[in-house]
**Q** 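Here it is: the structure, laid out below.
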Amino acid sequence: MALSVGNTSSMHVDSGNALEIKGAQMAKDQMELEGKMAVELIESANIQNVNPPTATSGNNINIKV
């Protein structure tokens, strides 16, 4: 495949390599998007009002028959 941009000289581009590069770029873009989404999810979590666990939590079990 030969590409020319407004001049008489042309540059040969191997279509196999071009597709590999495009695929790598798309994978990189997808990973960056997923990373941004993960950071937004972590930042949106409201972890300020969580009570710390106590040593006696879970020791009392109410059973009704």
Side-chain angles (χ1 to χ4, degrees):
M1 179 170 124
L3 300 175
S4 61
V5 181
N7 61 10
T8 58
S9 64
S10 63
M11 182 176 74
H12 180 70
V13 177
D14 184 12
S15 61
N17 289 340
L19 292 176
E20 289 177 14
I21 292 170
K22 183 65 176 172
Q25 288 174 343
M26 291 175 68
K28 179 183 170 234
D29 292 342
Q30 181 68 26
M31 287 190 311
E32 287 178 353
L33 178 63
E34 289 175 2
K36 287 179 185 178
M37 290 170 60
V39 168
E40 289 176 5
L41 181 64
I42 292 168
E43 289 175 347
S44 70
N46 187 7
I47 305 176
Q48 300 169 0
N49 298 328
V50 176
N51 295 330
T54 60
T56 59
S57 65
N59 290 341
N60 297 330
I61 301 172
N62 296 327
I63 300 175
K64 293 183 180 182
V65 180

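Index from 1, following the sequence.
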**Q** Any salt bridge linking E32 with K28? Criterion: basic side-chain nitrogen under 4.0 Å from a carboxylate oxygen.
**A**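 Judged by the 4.0 Å cut-off on N to carboxylate O distance, E32 and K28 do form a salt bridge.
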
**Q** Could I get the full list of side-chain contact (heavy atoms from CB on, under 4.5 Å) partners for E34, not counting sequence neighbours?
**A**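 Residues passing side-chain contact (heavy atoms from CB on, under 4.5 Å) with E34: Q30.
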
**Q** Transitive ILVMFWY cluster of M37 at side-chain heavy atoms under 4.5 Å: who else is in it?
**A**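 M37 shares its hydrophobic cluster with L33.
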
**Q** Taking ILVMFWY side chains as joined if any heavy atoms are under 4.5 angstrom apart, and letting links pass through other members, which residues group with V39?
**A** none

